[in-house]
K.L.:
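Can you read through this structure? Questions will come right after.
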There are 2 protein chains.
Amino acid sequence: MQNSNHPIPTVYDVAERAGVSRGTVDRVLYQRGRVSEQSRQKVLRAVEELQYKPNSNASRLARKKEYLFSCIIPQFNEGEYWGEINNGFLEAAALLSERGVRLRLHFYDQTDVKSFLAESNAALDDKPCGIIMNAVFRDEVTLFSQQLDELGLPYAFIDNKIDETHYALYYGVDPYKSGELGAWLLSLRFPPKEIALVRLLRDSSQRADPNRPRRHGFTDYINEHFPDSTVHTVFIDPKDSCSTQKTLEKFFAAHPGIKHICMTNSRIFLLEQYLREHPDPERIVVGFDELKHNLKCLERGYVNVLVTRHIPEQSKLLLTDFAESVISRRAPKRRDHYVHMDILTRMNLDNY
Amino acid sequence: MQNSNHPIPTVYDVAERAGVSRGTVDRVLYQRGRVSEQSRQKVLRAVEELQYKPNSNASRLARKKEYLFSCIIPQFNEGEYWGEINNGFLEAAALLSERGVRLRLHFYDQTDVKSFLAESNAALDDKPCGIIMNAVFRDEVTLFSQQLDELGLPYAFIDNKIDETHYALYYGVDPYKSGELGAWLLSLRFPPKEIALVRLLRDSSQRADPNRPRRHGFTDYINEHFPDSTVHTVFIDPKDSCSTQKTLEKFFAAHPGIKHICMTNSRIFLLEQYLREHPDPERIVVGFDELKHNLKCLERGYVNVLVTRHIPEQSKLLLTDFAESVISRRAPKRRDHYVHMDILTRMNLDNY
DNA sequence: TTTATTAGCGTGCACGTGCACGCAATTTCT
DNA sequence: AGAAATTGCGTGCACGTGCACGCTAATAAA
């Protein structure tokens with residue numbers, strides 16, 4: 001329903017108004033080739049007066065240009081954190097496909113630096129126009145980003161980042177604050193005396209500890225607000241549910257005063273069996289991240305609160321934003337996007 | 001980076017493979033005109049084998065078709081609830097403009113049935129391909145939707161709906177559940193004895209009460225879980241902050257035992273002055289909806305919890321989904337979208 | 001002054017689809 | 001049997017842009 005006095009202007013209209021040809025308008029708009037200053041001004045004025053915007057459909061049809069982005073993220077099993085991130089990328093890629101955006105995925109092993117190096121090289125071989133990655137291996141990622149800087153290839157971080165690099169974009173939560181929020185929620189109902197902080201046994205080969213900032217946010221909050229409380233740390237083996245069970249039994253038997261339990265990584269669901277077999281209506285359990293298993297635990301009442309955000313949303317927004325900025329050759333309005341932290345309980349679990 | 005063995009197929013490829021001309025392929029794909037059953041089958045097979053998908057850019061360029069949607073929503077002032085809804089619509093419209101989607105907005109006066117009737121007629125005059133509205137005046141909206149049914153015009157509800165109509169799509173919260181959630185949060189820290197439920201004085205001309213379901217969710221939860229508590233209702237005048245102040249002073253002076261305050265509409269910010277002038281660290285205040293004024297109150301500690309959702313997101317998603325379904329001439333996958341309710345506190349206020 | 005060079009500019013083709021027109025073959029009507 | 005209508009199908013043009021080619025006139029070099 002376009003006003004007939006003002007049909008959408010085309011290059012022809014601009015050219016006519018400026019008294020030049022389409023080609024000249026094109027050269028002015030895209031700084032290709034040689035145009036006299038006089039014509040340039042006339043064209044720019046005409047563009048302004050007519051409010052000319054190139055027809056993006058015609059433009060993409062004519063150009064047939066593709067924008068390839070390479071993602072380098074950790075391997076995952078169905079339903080895990082990085083699987084959700086991956087879903088967000090795929091969703092965004094589907095939406096952006098008609099704009100010529102293509103995606104290539106590279107998965108590395110979080111316990112193996114070499115696999116990261118291999119995949120980052122493979123990503124370069126794609127000749128992409130942008131790279132998305134996360135930063136588990138700080139040194140290697142720093143080096144890689146220097147390489148990208150030299151090549152003039154823009155890159156973006158998802159989930160965690162390295163501040164010293166020249167990344168174009170970042171989407172993720174503020175891990176320290178999420179830890180504080182978890183601590184606040186844990187202590188909301190009644191002040192904690194003894195707290196269990198459950199952690200994961202890690203391969204000695206895993207140098208990086210991506211969970212540190214959140215854990216510190218958690219412990220700092222507790223220490224500041226409840227200086228008289230004690231935080232007991234217990235380690236479980238994520239690969240061995242049997243030993244996990246025994247470890248927990250022993251641990252909680254030794255500390256019967258514990259009414260507050262928290263896990264600052266995304267695997268609170270590993271406690272399910274123990275929590276089910278040792279019900280306690282007074283106990284408060286706080287976990288992080290909306291993995292399907294975690295949501296189940298919340299629904300069944302084993303876990304009281306999850307601190308999370310819509311995980312796929314975060315990667316979806318990142319790719320959309322990144323592609324937009326690369327295509328339009330403009331820096332994004334904002335560089336750091338700390339996504340909102342949701343508080344999830346049994347009461348607002350639906351429709352998440 | 002397309003595999004050179006499989007360039008993206010075009011109608012020409014399909015036509016060649018099927019041994020017919022482009023025109024025939026076109027007729028098969030869009031059921032226009034006369035095709036022999038034999039050719040039809042050949043074309044369909046070729047489409048399947050080549051995985052042909054029409055190039056949407058070329059298609060839109062050639063068609064130049066516009067899809068006009070008319071929205072009928074309440075008038076608002078900057079920063080109010082419907083203003084946020086409106087922002088979501090505008091955001092979606094901007095994104096969808098290159099797909100030929102246009103938007104026409106109609107604002108009516110929530111206290112005046114006639115203005116709704118006028119605007120709904122105006123919306124029809126637009127000759128849109130879809131209508132979006134909310135349902136304050138139940139009878140009139142029901143009649144209007146019957147009219148739309150007869151015209152075969154699809155319509156969608158935002159924020160609230162009328163179940164008996166044949167709406168195509170709905171996005172909103174479950175108001176009853178949001179009320180329950182508010183009650184749960186209000187009673188989380190310690191069990192309530194006396195509760196203040198602050199309500200708004202309403203024009204006698206306002207027949208509808210869009211806030212009822214949420215209020216009932218709230219009171220039902222309280223009555224069920226805290227049968228010994230009493231809910232005191234107090235009415236304030238949203239247009240007169242001076243009288244509001246006096247009313248509240250008198251009310252709370254008469255009920256000094258009240259430690260729990262809730263407003264089930266979106267205007268908890270109206271209590272700001274009272275709460276500021278009568279601080280009480282023990283008191284719990286729960287409100288709804290992320291209006292800018294409300295967020296301020298949360299930040300400054302006058303309000304403890306807001307139950308909300310990202311308001312513009314809801315209208316943005318609705319328009320996107322609705323346009324998608326109208327353009328593709330397919331019913332949406334899901335009809336009712338109860339958006340997730342966020343719990344907002346001082347601790348997770350950032351980046352919302 | 002003549003020739004080579006380059007600045008400035010116009011034009012034609014391609015991109016893939018939608019749609020209208022019209023031709024040939026077949027069927028129906030008179 | 002001849003005219004009229006209908007079925008089945010191919011073709012041409014338009015949509016608005018990107019880009020390469022090549023022309024003209026001005027300028028620099030010989």
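Note that this is a predicted model, so its numbers are computed, not measured. Note that these values count all heavy atoms, side chains included, but never hydrogens, waters or copies made by symmetry. Naming: A, B, ... by sequence-line order, numbering from 1 per chain.
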K.L.:
Find the distance B/Glu16:CD to C/dG16:P and express it as a whole number of Å.
P.N.:
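Going from CD in B/Glu16 over to P in C/dG16 covers 14 Å.
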
K.L.:
Looking at A/Glu37 and A/Arg40, is any side-chain nitrogen of the basic one under 4.0 Å from a carboxylate oxygen of the acidic one?
P.N.:
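A salt bridge links A/Arg40 with A/Glu37.
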
K.L.:
Does any donor atom in the side chain of A/Asn86 or A/Tyr81 lie under 3.5 Å from an acceptor atom in the other side chain?
P.N.:
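No.
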
K.L.:
May I ask you to decide whether B/Glu98 forms a salt bridge with B/Arg60, counting only side-chain N to carboxylate O separations under 4.0 Å?
P.N.:
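No.
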
K.L.:
When you measure from every atom of DNA chain D, which of residues 51-64 of chain B have a heavy atom less than 4.0 Å away?
P.N.:
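Per residue number, the list reads B/Leu61, B/Ala62, B/Lys64.
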
K.L.:
With a non-hydrogen cut-off below 4.0 angstrom, is A/Tyr30 in contact with a base, only sugar-phosphate, or nothing?
P.N.:
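Answer is sugar-phosphate: A/Tyr30 comes under 4.0 Å of backbone atoms only.
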
K.L.:
Go through the N and O atoms of the side chain of B/Arg27 and the base of D/dG10, and report whether any donor-acceptor pair is under 3.5 Å.
P.N.:
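Answer yes: a donor N or O sits under 3.5 Å from an acceptor.
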
K.L.:
In this structure, how many angstroms lie between the P atom of D/dC21 and the CZ atom of A/Arg22, rounded?
P.N.:
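Between P of D/dC21 and CZ of A/Arg22: 16 Å.
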
K.L.:
Under a plain distance cut-off of 3.5 Å, with no hydrogens placed, do B/Ser56 and B/Ser59 share a side-chain donor-acceptor pair?
P.N.:
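Judged by distance alone, the side chains do not pair up.
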
K.L.:
OP1 or OP2 of C/dA7 versus the side-chain N and O atoms of A/Ser36: is any pair under 4.0 Å?
P.N.:
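So the side chain of A/Ser36 is outside the cut-off, no N or O lying under 4.0 Å from OP1 or OP2 of C/dA7.
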
K.L.:
When you get a sec, tell me which of C/dC9, D/dG18, C/dG10 is the closest nucleotide to the side chain of A/Arg34?
P.N.:
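Within the option list, the nearest is C/dC9.
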
K.L.:
Do A/Lys161 and A/Asp163 meet the salt-bridge criterion of a basic N to acidic O distance under 4.0 Å?
P.N.:
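Looking at A/Asp163 and A/Lys161, the cut-off is met.
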
K.L.:
Given atom CD1 of A/Ile8 and atom P of D/dG16, what is their separation to the nearest angstrom?
P.N.:
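Those two atoms, CD1 and P, are 9 Å apart.
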
K.L.:
Mind calculating the distance between CD (A/Glu37) and C1' (C/dC9) to the nearest angstrom?
P.N.:
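Result: 16 Å.
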
K.L.:
Assess whether a salt bridge exists between B/Arg330 and B/Asp321, defined as any Lys/Arg side-chain N lying under 4.0 Å from an Asp/Glu carboxylate O.
P.N.:
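Not counted as a salt bridge, because no side-chain N and carboxylate O are separated by less than 4.0 Å.
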
K.L.:
In whole angstroms, how far is the P atom of D/dG18 from the NZ atom of A/Lys65?
P.N.:
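A/Lys65 atom NZ is separated from D/dG18 atom P by 12 Å.
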
K.L.:
Between A/Arg32 and D/dG18, is there a side-chain N or O to OP1/OP2 distance below 4.0 Å?
P.N.:
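So the side-chain polar atoms of A/Arg32 never come under 4.0 Å of the phosphate oxygens OP1 or OP2 of D/dG18.
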
K.L.:
A/Lys42 NZ to C/dG8 P: how many Å, rounded?
P.N.:
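After rounding, the reported distance stands at 13 Å.
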
K.L.:
Rounded to whole Å, please give me the gap between CG in B/Asp26 and P in D/dG8.
P.N.:
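Whole-Å distance recorded here is 16 Å.
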
K.L.:
Whether A/Thr24 contacts C/dG10 is assessed here as follows: a side-chain N or O lying under 4.0 Å from the phosphate OP1 or OP2. Is that the case?
P.N.:
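Looking at the OP1 and OP2 atoms of C/dG10, one of them is under 4.0 Å from a side-chain N or O of A/Thr24.
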
K.L.:
Identify whether NZ of Lys or CZ of Arg in A/Arg335 sits under 6.0 Å from the centre of the six-membered ring of A/Tyr167 and within 45° of that ring's axis.
P.N.:
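The answer is yes; both the distance and angle limits are met.
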
K.L.:
With a 3.5 Å cut-off and heavy atoms only, can you find an N or O donor on one side and an acceptor on the other between the side chain of A/Arg40 and the base of C/dG8?
P.N.:
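There is none.
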
